[in-house]
Structures are given as C-alpha cells and as structure tokens.
Amino acid sequence: MIRDITLGQYYPEYSIIHKLDPRLKIVAILFYIASLFVVKDFCGYLLVMLALGIFISLSKVPLRFILRGLKPIMIIIMFTFLLNMFMTSGEILWQWKFLKITQEGIYNAVFMALRLVFLILGSSMLTLTTKPIKLTDGIESLLKPFKKMGLPTHELAMMMTIALRFIPTLLEETDKIMKAQMARGADFETGSIFRRAKAMVPILVPLFVGAFRIAQDLAMAMEARCYRGGEGRTKLNALKFKRKDAVAALIMAVYFALAILDRVFLEGLDAVLVHLVIK
Amino acid sequence: MSITVEQLTHVYNSGLAYETKALDEVSFSVESGEFVAIIGHTGSGKSTLIQHLNGILKPTSGTIRIGETEITDKKTKMVDVRKRVGLVFQYPEYQLFEETVQEDVAFGPKNLGLEKDEIDARVRRSLSLVGLDYEQFAQRSPFELSGGQKRRVAIAGVIAMEPELLILDEPTAGLDPGSHLEVLDMVTSIRERTGCTVILVSHNMNDVAQMADRIFIMDSGRIVRSGPPREVFKERDYLKSIGLGLPQAAEVAAVLEEAGMPAAGVLVSSQELVTYLTAQLGGAATQGEAER
Ligand SMILES: Nc1ncnc2c1ncn2[C@@H]1O[C@H](COP(=O)(O)OP(=O)(O)OP(=O)(O)O)[C@@H](O)[C@H]1O
Ligand SMILES: [Mg+2]
C-alpha cells in the first residue's frame with residue numbers, strides 16, 4: 001500500500017531517456033511544467049498529451065507503474081474537480097437546492113484535473129528515469145552560478161542526494177513497522193479522522209527513532225571515508241552534454257514554442273467548440 | 001491450532017519488470033500444539049510465508065486455513081485472526097514506541113478491546129514469561145534498554161495477546177550466545193505454559209534440530225523437504241547444495257564417518273556426540289587392550 005508512492009522513485013531501465021544529461025532533463029521538466037500553465041485550451045492539452053506520450057514510451061517505464069503514482073493524490077484531484085464543478089458561475093445546466101453545475105464549471109473541472117494529472121505524471125517521470133545521484137549532480141551543476149554568491153551548492157546537493165536516497169528506505173521501514181503494529185492488532189483503516197491520526201503514533205515514533213539511527217550510521221560511514229565537503233572534490237562520472245542531449249533540447253524548444261503559439265492563436269477555440277458540442 | 005496451507009503463491013510487484021515470485025505453490029499443514037521450524041537460506045521466502053499466516057500479506061493465489069477459519073476469505077475479520085496468531089517479526093525491537101515498557105506491552109491487548117484489569121494481568125504475565133522483572137522494568141522507557149532486553153519487551157508485546165499460534169521470525173538474530181539461549185528457553189517455557197503451536201524461523205541448525213518436532217526446508221519460494229530433524233538432516237550433500245548445513249554434532253559425526261569411523265546416524269546435540277565418541281573411544285581402547 002505504502003509502496004504505491006512513485007514520486008521520488010527510480011525505475012531502472014535502459015532507454016534513451018534514462019541516458020540523457022540530467023541537467024537537460026531538469027530544465028526540460030521545468031519548461032514542461034511552465035507549458036502546462038501556458039496552454040489554455042484542450043488543443044494545447046493535445047500537444048501536452050502527445051509530448052508526454054512520446055516521452056513515456058521512449059522511457060520504457062510501464063504506464064501502469066506511472067499511473068500507480070496517481071493513486072495517493074486521487075483525493076486531491078477529485079477535490080479539485082468537484083470544487084471547480086460546483087463553484088464556477090455561468091450557464092446553469094443542472095441545479096439542486098444550492099448546488100448547481102454550470103457549463104463553464106464542467107469545463108474548468110476537467111481542465112484543472114487534467115492539469116494536475118499532467119503535472120504529477122510529468123514530474124514523476126524525472127525521478128523515474130534519473131538516478132538520484134545523477135539528479136543531484138545535475139542540480140549541483142545547474143546551481144554553479146550561485147556558488148560565487150556563497151551558496152554551498154555541493155552541500156545542498158549532497159543533502160538532497162541523501163534525502164532522495166532515503167525515501168525508499170524510509171518507505172520500506174514504514175511498511176515494516178506498519179506490519180509489525182498490525183500484527184499487534186493496530187487498525188489504520190477504520191474510525192474517525194482523529195482515531196486514525198492517533199493510530200499513526202505507533203508508526204511515527206519508531207520511524208523517527210529509526211531515521212535518527214540511520215542518519216547516525218550514515219554520518220559515521222561518511223566520516224570513516226574521510227568525507228569533508230565539496231572543497232577540491234572531483235567527480236568519477238563528470239556530466240557531459242552530448243549530441244543526443246542537443247537533439248532533445250531542440251525538441252523541447254519546439255514543443256515550448258508550439259505551446260506558446262497555441263496560447264497566442266488558439267485561445268478562443270475551446271469556447272467555440274464547447275458551444276458547438278452543447279448546441 | 002492447526003494450520004492448512006494450500007497452493008500458496010505470492011508475487012511481489014506483480015506485473016512490473018522487477019517482480020519476484022517469493023512463494024511458489026507452497027502447501028503444508030501443521031497440527032495443533034506442534035513445534036515447527038522453518039529453515040532456508042537468505043531470500044528463500046521464509047518471512048514472506050509467515051506473514052501470510054496472520055493475514056498481513058495477501059496471497060497472489062492459494063488458501064490458508066487457521067483452525068476452522070479460512071483467513072484468505074474476504075469476509076474474515078482480520079482482528080479475529082490476529083488475536084489468535086501472534087507474529088514476532090525479525091528485529092522486533094524496532095517496533096517499540098510507547099513511553100514505558102508497561103504501555104508498550106499493553107498495546108496489543110488494548111487493541112483487542114480488553115478490560116483494564118485483564119490488560120494489567122496480561123502485561124505482568126507476559127513480562128514474567130520473557131524473564132523481565134515487572135517491578136524493575138515496567139516503568140522504564142523501552143528506548144533505554146539493551147538490545148536483548150528490548151527484544152524481550154517486543155516479544156512480550158506479542159505474547160500478551162495470548163495467541164494460540166506463536167510465530168517467531170529469527171528471534172535470536174544478532175544476540176550474544178547468552179541471550180540467544182535465554183530467548184530459546186523462553187520460547188520453550190512459553191510453549192509449555194500456554195500449550196500454543198509454535199513456528200520458528202531460524203538460521204541456526206543446532207537450535208532447530210534440538211527444539212522442533214518437524215522442520216520445513218525452503219529454497220526459492222518452495223518447501224523442498226519436510227520432516228523430523230533426524231530425517232531432514234540425513235541429506236548432507238543436498239542441504240549443502242541449497243546453502244544450508246548440518247547441526248554441529250551431526251557435521252562432526254559425518255566428517256568422522258568419512259575418515260573411517262562407524263556411522264553414527266544423525267546427531268542433534270553435543271550430548272549425543274559425546275555419548276557416541278565415548279562409545280567409540282571406549283571401544284577403541286578395549287580393542288587396543290585386546291591386541292596387547
Ligand atoms: N517487500 C518486498 N518487496 C519486494 N520484494 C520482496 C519484499 N520482501 C521480500 N522480497 C523478495 O522476496 C524474496 C523472499 O524474501 P523473504 O524476506 O521472504 O526471505 P527470507 O527467507 O525471510 O530471507 P532472510 O533469511 O534474509 O530473512 C526475496 O527475493 C526478496 O528479495
Ligand atoms: Mg526473513
């Protein structure tokens with residue numbers, strides 16, 4: 001159950017996407033996220049879907065695995081959907097007491113829910129196809145310009161590496177502890193919100209104790225190997241920007257340009273389409 | 001309480017590139033009151049198997065019956081199952097969370113919805129069963145105890161639910177020889193006093209040879225051999241091939257046999273080995289005398 005959370009997980013596979021330069025992937029994902037807010041109609045979403053589809057199929061990560069990552073945030077998506085559906089004013093289609101559904105409401109609800117789905121799917125693709133180590137290497141390298149301003153980039157990146165590295169470990173630990181408490185009759189699934197929150201104590205306490213233990217062991221192990229921060233440290237696998245990265249960057253640029261074009265020229269198209277469908 | 005498992009299969013991460021078949025059509029049964037030990041090398045599926053017996057893991061396919069209840073049936077209430085099946089996990093000390101030992105041991109009984117008096121009585125009883133003095137330990141924080149003591153508190157927490165079937169997953173892992181023996185003695189005394197069925201997962205051939213009525217040997221998600229210790233430890237070469245060995249006494253006897261001494265059969269304890277050697281040496285001595 002707890003293992004359903006795919007955000008921050010890495011999916012080992014040999015694909016062109018896995019081999020791309022992490023710096024490029026980070027920037028590309030940022031542009032992808034921006035593009036979600038640039039496009040304002042379903043035509044744009046077709047573009048996003050197409051791009052995401054190609055990206056996912058090139059990455060060879062099974063779609064089922066990616067979709068599983070949506071499960072934990074289903075509630076948020078549903079909530080957004082319902083809120084938009086009932087709270088948008090406009091042409092009323094259906095009404096019951098104070099609840100009313102409008103044409104614009106449905107449109108907004110679908111639009112917002114899809115945006116969230118695209119957002120989660122796209123950003124989980126970054127960690128799914130990039131080893132945590134490479135990801136932080138990429139971040140460290142992208143932050144380099146800020147180093148002169150005194151930002152401890154190496155240390156930040158190291159902290160991030162460790163945090164990412166321990167997400168699966170902590171999930172595993174949580175799973176184990178949950179099982180152990182369930183064996184002692186603990187019940188996490190029924191009862192009111194308060195009862196359920198209280199039921200988390202037997203999980204959280206051992207989890208924190210475990211996290212501190214792990215942190216201590218790790219600090220010891222790092223010191224034993226003479227780790228002393230980023231000063232003068234070189235990389236075993238230095239990042240290299242290759243031909244395929246340039247190609248990918250070009251594709252991304254085209255994609256973003258299309259998103260902007262869509263925003264500029266096709267802004268009103270949806271309204272017309274919706275109108276046609278309803279009529 | 002008797003257990004019947006039929007065609008139990010469990011696949012982790014089903015459908016993904018890295019799926020693992022941890023259990024492969026396992027079938028067995030255990031009689032009420034029996035002491036069964038499960039051995040097998042690392043990753044052979046022991047922990048996966050026992051987590052099915054109280055419904056923590058759901059099988060991919062297959063059925064499990066505990067007593068009269070079919071626990072794989074969707075209608076079965078899990079609380080009822082967990083009340084009857086106590087499961088002590090590997091390194092159980094990491095599940096401790098309460099402020100005092102007393103409260104931590106009481107967690108299980110409380111979840112069963114028992115009366116306060118009954119809970120108190122059970123905490124006292126189970127602490128004494130695991131060999132911890134109530135007056136001395138009840139009000140201490142579980143986090144300031146030694147590793148061995150923590151483990152006992154954790155085991156007490158499971159025993160306090162008074163299960164009819166007690167399952168222990170490597171309860172002696174990482175303990176010094178002294179605590180190792182104490183934990184095993186504890187298991188024996190719990191069994192004597194409560195008459196519960198026991199399933200013990202272990203990597204220690206000496207322990208299982210001496211304690212168990214029957215041994216299940218697991219390899220790659222299957223039970224490949226099962227029977228009384230003297231039976232399963234006959235196949236020295238086969239056990240070696242799946243990464244296991246013989247109890248020390250049996251191993252010594254087997255090596256001696258290879259060196260030309262008369263066969264001793266499967267010895268399970270140092271005591272038996274001593275008896276055998278004394279007989280042999282005594283025999284040798286008399287032989288020597290006769291020659292002279
Ligand atoms: N939560 C899990 N997710 C995925 N695979 C798992 C999980 N737990 C166990 N496995 C895999 O299932 C197989 C059996 O594991 P299991 O823990 O049952 O072995 P074990 O016999 O208890 O080993 P050990 O003696 O080390 O405790 C192993 O191949 C393991 O990698
Ligand atoms: Mg195990």
Side-chain angles (χ1 to χ4, degrees), chain A residues 1-6 9-15 18 59-69 128-129 168-191 195 198-214 217, chain B residues 12-19 47-48 50-58 77-99 103-114 141-143 150 154-161 163 166-167 169:
Chain A
M1 49 208 132
I2 195 95
R3 282 160 197 277
D4 285 345
I5 302 170
T6 49
Q9 251 183 42
Y10 175 66
Y11 189 92
E13 184 56 80
Y14 294 96
S15 81
H18 283 70
S59 77
K60 294 195 199 155
V61 182
L63 191 62
R64 260 182 54 201
F65 189 82
I66 305 170
L67 289 180
R68 239 171 44 172
L128 280 173
T129 63
T169 309
L170 288 179
L171 284 180
E172 225 165 85
E173 196 84 350
T174 314
D175 200 53
K176 247 195 245 161
I177 296 168
M178 256 174 111
K179 279 183 184 166
Q181 308 299 25
M182 268 157 71
R184 294 207 278 165
D187 177 8
F188 307 112
E189 269 122 35
T190 57
R195 255 196 67 158
K198 229 181 114 193
M200 297 313 277
V201 174
I203 299 176
L204 292 179
V205 174
L207 189 62
F208 273 99
V209 173
F212 282 117
R213 195 186 58 240
I214 292 171
D217 290 352
Chain B
Y12 283 108
N13 301 311
S14 171
L16 298 178
Y18 50 87
E19 71 172 26
S47 301
T48 308
I50 57 169
Q51 283 172 38
H52 279 89
L53 299 182
N54 73 343
I56 295 267
L57 284 180
K58 300 272 179 274
K77 277 214 193 99
M78 278 305 140
V79 181
D80 297 334
V81 176
R82 299 202 178 125
K83 191 180 343 191
R84 301 167 65 195
V85 182
L87 176 53
V88 179
F89 278 81
Q90 257 170 317
Y91 298 99
E93 52 272 30
Y94 296 140
Q95 72 190 31
L96 301 173
F97 70 98
E98 281 284 10
E99 281 169 47
E103 281 172 273
D104 208 289
V105 177
F107 179 68
K110 239 188 243 165
N111 286 328
L112 297 182
L114 299 173
S141 155
F143 295 105
K150 273 186 199 164
I155 295 177
V158 173
I159 296 171
M161 299 174 72
L166 180 63
I167 307 173
D169 196 350

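Proteins come first, then strands; the chains are lettered A, B, ... in the order of their sequence lines, and each starts at number 1. For clarity, every value in this text was computed on a predicted model and none was experimentally measured.
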Before you tell me yes or no, could you show the steps for Ile177(A) and Phe89(B) under side chain to side chain contact (heavy atoms under 4.5 Å, CB included), namely the whole-Å CA-CA distance, both residues' side-chain angles and the distance that decides it to 0.1 Å? CA-CA 9 Å; Ile177(A) 296 168; Phe89(B) 278 81; over 6 Å; no

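Proximity to chain A (any heavy atom under 4.5 Å) is shown, for Tyr91(B), by neither the backbone nor the side chain. No part of Gln90(B) comes within reach of chain A, as not one of its non-hydrogen atoms sits under 4.5 angstrom from that chain. Proximity to chain A (any heavy atom under 4.5 Å) is restricted, for Leu96(B), to the backbone atoms N, CA, C and O.
Ion pairing of Arg184(A) with Asp104(B) is present here, as a side-chain N (NZ or NE/NH1/NH2) and a carboxylate O approach within less than 4.0 Å.
The 12-atom threshold is exceeded at CZ of Phe143(B), counting heavy atoms of other residues, nucleotides or ligands nearer than 6.0 Å. Surrounding CZ of Arg213(A) are more than 12 heavy atoms belonging to other residues, nucleotides or ligands, all under 6.0 Å away. For Lys58(B), the NZ atom counts as densely surrounded, since its 6.0 Å shell holds more than 12 non-hydrogen atoms of other residues, nucleotides or ligands.
Here the shortest heavy-atom pairing between Asn111(B) and Gly185(A) reads CB-O, 3.3 Å.
The main-chain N or O of Gln95(B) is found under 3.5 Å from a side-chain atom of Gln181(A) such that the two form a donor-acceptor pair.
The distance from the NZ atom of Lys179(A) to the CD1 atom of Ile56(B) is 7.5 Å, given to the nearest 0.5 Å.
Side chains of Val201(A) and Phe97(B) form a contact here, defined as non-hydrogen atoms less than 4.5 Å apart.
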